[in-house]
Peer 1: 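Mind having a look at this structure? Questions to follow.
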Amino acid sequence: LVLPAYDYQETGAQDLLFTPVFSASAATKMLLQFEIAYARYPGNNEESLSVYIIDDCNLSVQQATRIYYRKGSDLASAPDNNSSFVPGDQQWRRESLVLNAYAGKPNLRLAFVFRNAFGNNLYLDRVRVLTGEITDIRIAEVSEPSVAVCPGTVKPKLRLVNAGTVPVSGLSILKGVSKALGETTNIPLTLEPGNEAFVDITAMNIPEGPAQIWFEATTVETDINPDD
């Protein structure tokens with residue numbers, strides 16, 4: 001699905017996409033996942049995407065609960081683009097929203113609401129609702145070190161997000177430089193569904209010249225998305 005805001009001159013207009021009504025009456029845990037691609041038109045920070053969940057089978061977002069909101073640069077998954085944006089393979093972002101509070105309820109539906117500001121195109125794909133015990137630990141950010149560092153010892157810091165429906169413990173971070181064999185740091189942490197935490201990783205040595213630092217988060221449970 002594409003919302004072609006690059007050619008959409010009605011600033012302030014809202015486009016709504018409703019899912020069919022579905023039942024989660026047999027579920028005990030539930031997760032919404034979707035993929036998004038968006039680039040701002042330079043200087044335009046007013047376009048936004050909201051997601052609402054409706055549990056009384058009506059068509060009014062005014063009576064719904066907003067479970068997701070991103071705007072402008074926070075919404076973007078790619079650099080600013082002053083032409084009509086078409087995403088490349090690496091310019092998509094997967095979003096995961098824990099909906100455990102709605103598990104067990106019938107007659108649910110979701111509403112995606114895009115607010116236009118005559119900016120640039122937004123794409124949605126792979127919208128799905130998953131039920132059951134889902135493990136999905138994600139490295140959302142490498143806050144340290146920066147992209148360019150001097151050779152020597154660095155102490156990495158990562159932002160981890162539990163994008164699944166169950167608490168995650170028994171975490172390990174495998175880290176390495178370029179193609180060298182990685183080392184493992186065990187993280188004494190239990191992360192609840194939908195929560196995030198910054199964790200410090202044991203120091204590593206950065207050699208002179210170009211080098212790629214890599215990290216991989218693992219758990220004792222099977223991760224639904226092991227590549228992130």
Side-chain angles (χ1 to χ4, degrees), residues 1-6 8-40 44-77 85 87 92-138 140 161-168 191-196 224-225 228:
L1 171 70
V2 57
L3 293 162
Y6 184 81
Y8 191 3
Q9 298 185 24
E10 296 181 38
T11 298
Q14 294 189 105
D15 290 275
L16 286 75
L17 172 67
F18 290 92
T19 68
V21 176
F22 62 94
S23 174
S25 57
T28 57
K29 295 178 174 59
M30 188 164 62
L31 183 73
L32 168 64
Q33 286 192 342
F34 58 93
E35 295 183 6
I36 182 175
Y38 173 74
R40 292 192 319 160
N44 188 323
N45 207 43
E46 296 305 312
E47 289 181 326
S48 66
L49 179 69
S50 300
V51 182
Y52 294 84
I53 188 164
I54 305 166
D55 63 2
D56 55 4
C57 205
N58 65 48
L59 289 174
S60 173
V61 295
Q62 282 74 29
Q63 301 176 30
T65 301
R66 188 165 69 179
I67 57 175
Y68 175 93
Y69 176 76
R70 287 201 179 200
K71 177 183 178 182
S73 58
D74 188 47
L75 178 62
S77 64
F85 173 60
W92 290 81
R93 182 179 68 242
R94 183 173 63 252
E95 304 283 27
S96 297
L97 306 177
V98 178
L99 301 180
N100 288 350
Y102 296 90
K105 294 187 176 183
N107 301 325
L108 298 172
R109 74 169 32 181
L110 299 164
F112 292 77
V113 181
F114 175 69
R115 182 178 176 84
N116 175 59
F118 194 22
N120 220 326
N121 306 329
L122 179 137
Y123 296 78
L124 288 173
D125 199 6
R126 293 178 59 82
V127 178
R128 56 181 182 164
V129 175
L130 306 174
T131 60
E133 295 192 352
I134 299 166
T135 300
D136 187 5
I137 189 70
R138 182 176 303 172
V161 175
N162 183 354
T165 63
V166 294
V168 172
L191 203 56
E192 296 296 323
N195 288 0
E196 61 180 54
I224 189 175
N225 294 302
D228 60 9

Peer 1: If you round to the nearest 0.5 Å, how far is CG of Leu99 from OG1 of Thr65?
Peer 2: 10.5 Å
Peer 1: Once rounded to the nearest 0.5 Å, what's the spacing between atom CG of Leu49 and atom CG of Asp74?
Peer 2: 11.0 Å
Peer 1: Considering non-hydrogen atoms only, spot the tightest contact between Ala37 and Ser77 and give its length.
Peer 2: CA-OG, 3.2 Å
Peer 1: For the backbone of Ala117 and the side chain of Glu47, can you confirm whether one donor and one acceptor N or O come within less than 3.5 Å of each other?
Peer 2: yes
Peer 1: Quick one: does Asn116's side chain have a donor or acceptor within less than 3.5 Å of a partner on Ala13's backbone?
Peer 2: no
Peer 1: Heavy atoms, side chains only, cut-off 4.5 Å: are Asp15 and Val113 in contact?
Peer 2: no
Peer 1: Can you pull out every ring-ring contact (aromatic ring centres under 6.0 Å, His included) where at least one residue sits in residues 8-38? Sequence neighbours excluded, please.
Peer 2: Phe34-Tyr68, Phe34-Phe112
Peer 1: Looking at Arg70 and Glu95, is any side-chain nitrogen of the basic one under 4.0 Å from a carboxylate oxygen of the acidic one?
Peer 2: yes
Peer 1: May I ask you to decide if Glu35's main-chain N or O and Asp125's side chain share a donor-acceptor pair within less than 3.5 Å?
Peer 2: no
Peer 1: Taking Asn44 for the side chain and Gly72 for the main chain, is one N or O donor matched with an acceptor at less than 3.5 Å?
Peer 2: no
Peer 1: Surrounding CD of Glu10 (heavy atoms of other residues, nucleotides or ligands, distance under 6.0 Å), is the total greater than 12?
Peer 2: no
Peer 1: Drop me the distance from Leu3's CG to Arg115's CZ, to the nearest 0.5 angstrom.
Peer 2: 14.5 Å
Peer 1: Which distance, rounded to the nearest 0.5 Å, do you find between the CD1 of Ile134 and the CG of Leu31?
Peer 2: 5.0 Å
Peer 1: Rounded to the nearest 0.5 Å, what's the gap from CG on Leu108 to CE on Met30? Could you check?
Peer 2: 5.5 Å
Peer 1: Any donor-acceptor pair under 3.5 Å linking the side chain of Asn162 with the backbone of Gly194?
Peer 2: no
Peer 1: Of all heavy-atom pairs between Gly132 and Thr165, which one has the smallest distance, and what is that distance?
Peer 2: O-OG1, 2.7 Å
